[in-house]
2 protein chains.
Amino acid sequence: MQFSKSTGYALHALIHLALSERGHNIGIKPLATSLGVSESYLSKIMSKLRQDGIVRAVTGASGGYELARSADQITFLEVIHVIEGRQQLFECLNGNAHLQKEFSAIADLSGRKECLVQKVMNGAELQMQQYLQANTIQSVIDSGSIE
Amino acid sequence: MQFSKSTGYALHALIHLALSERGHNIGIKPLATSLGVSESYLSKIMSKLRQDGIVRAVTGASGGYELARSADQITFLEVIHVIEGRQQLFECLNGNAHLQKEFSAIADLSGRKECLVQKVMNGAELQMQQYLQANTIQSVIDSGSIE
DNA sequence: TCTATTGTAGATCTCTAATATCCATTATAG
DNA sequence: CTATAATGGATATTAGAGATCTACAATAGA
């Protein structure tokens, strides 16, 4: 299990945009060159970020991308959700009949059986998400400036 | 990004073993039936758990598997590491020359450049790992018994 | 208006890892 | 011995990530 490369590119691209002058677009070309990735591949990633309102894009000559919000309003968690999708990290093999009658399932308040393994994994995921929610594009930039 | 199905099978199988009488082997057949997975596939998973000292296996007639340690000495984190491998959740596109001179890299104590995105992701992973370390096969069983 | 530039969307291709199965071999209880 | 059961190797199969290409739409500037 690993984060995709796309997530890495997205985060680095956003940091790059955050560091550029306000109101100044950056085209896919310099962005792709700077990250060492092809333009066509990065453009797919940027499109996702645009569809989710994280960046703005201007088409046409001298167009490009800029952040749609201030860098401290863009959390790692949100970027990851956009790129990786929002399915949970662990999905119990539910619907499988065996769980309905089993040791590792427990009825929740509504009487529905819930997998106990799933519960632990959800807890673990939540821990990670809280950390990623607390970290923004801006906070990374700030931590870099103490160099 | 998701945990593999194998991890789910491994955890459920271990809970199953933990609930059986001490000193009593469970064969791959009833185990696989109970989890709703093929014997051949599950046996690969069990072999990994054995190689890592989490379960013991007895070959031959009336052989089978049992826990190699008490259930409270088997953490979720360890099981996940055995099945998923130990690479970190996020690996920065390092070695890429661009990072050596870039905004999102900072020199660590030894003078080596470290990726700032990587640092945040490592922090997030650590949060999750601490939680998974604190949860054992036994703790899941205990939480189930209050049903 | 024309043209060069730039992002968008769809199709498609490759490659890898997860999932899954089969079989020959080894080990052991009875 | 024999039936049973785990092991390890080889080998599909599949899904998703990674990556590229092209036709198209939008826009700035000549």
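Computed over heavy atoms, backbone and side chain alike; hydrogens, waters and symmetry mates excluded. Values in this document were obtained by computation on a predicted structure and should not be read as measured data. Below, chains carry the letters A, B, ... as their sequence lines are ordered, and counting in each starts from 1.
- The two residues A:Ala68 and A:Arg56 come nearest to each other via the heavy atoms O-NH1, 3.6 Å.
- With sequence neighbours excluded, no residue forms a side chain to side chain donor-acceptor pair (under 3.5 Å) with B:Asp52.
- By the side chain to side chain donor-acceptor pair (under 3.5 Å) test, B:Thr75 pairs with no residue at all, sequence neighbours left out.
- Side-chain contact between A:Met128 and B:Tyr131 is absent, with no heavy atoms from C-beta onward closer than 4.5 Å.
- For A:Tyr41 and D:dG18, the shortest distance from a side-chain N or O to OP1 or OP2 is below 4.0 Å.
- Between A:Gln2 atom CD and D:dG16 atom P the separation is 18 Å, expressed in whole Å.
- In this model, no donor atom of one side chain and acceptor atom of the other lie less than 3.5 Å apart for B:Ser20 and B:Glu66.
- Here CZ of A:Phe3 is found 4.5 Å from CD1 of A:Ile80. Values are rounded to the nearest 0.5 Å.
- Between the P atom of D:dA6 and the CD atom of B:Glu39 lies a distance of 8 Å, rounded to the nearest Å.
- In the region residues 42-56 of chain B, proximity to DNA chain D at under 4.0 angstrom, judged on heavy atoms, holds for B:Lys44, B:Ser47, B:Arg50, B:Gln51.
- Toward the 5' end of DNA chain D, the nearer of the two residues B:Ile26 and B:Met1, judged by each one's closest nucleotide, is B:Ile26.
- We find that NZ of A:Lys5 is positioned 14 Å from C1' of D:dG16, with the value rounded to whole Å.
- Atoms CD (B:Glu91) and P (D:dA17) sit 17 Å apart, rounded to a whole Å.
- Heavy atoms of B:Ser40 sit under 4.0 angstrom from at least one base atom.
- One finds the CE atom of A:Met46 at 9.0 Å from the CD1 atom of A:Ile26 (value rounded to the nearest 0.5 Å).
- What separates CD1 of A:Ile28 from C1' of D:dC21 is a distance of 15 Å, to the nearest Å.
- In terms of heavy atoms, B:Asn122 sits closest to B:Phe90 at OD1-O, 4.5 Å.
- Contact check for B:Lys44 versus B:Ser6: no side-chain heavy atoms found under the 4.5 Å cut-off.
- Nucleotides of DNA chain C lying under 4.0 Å from heavy atoms of chain B occupy a range whose first and last members, 5' to 3', are C:dT19 to C:dA29.
- One can place CD of B:Glu66 at 12 Å from P of D:dA6, the figure rounded to the nearest angstrom.
- The distance from the CG atom of B:Leu116 to the CD1 atom of A:Ile137 is 11.0 Å, given to the nearest 0.5 Å.
- Every residue two or more places apart in sequence or in another chain that forms a side-chain contact (heavy atoms from CB on, under 4.5 Å) with A:Lys29 is listed here: A:Glu39.
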For every nucleotide of nucleotides 24-30 of chain D, 5' to 3': is a protein heavy atom under 4.0 Å from its base (B), only from its sugar-phosphate (S), or from neither (-)?
-> --BBB--
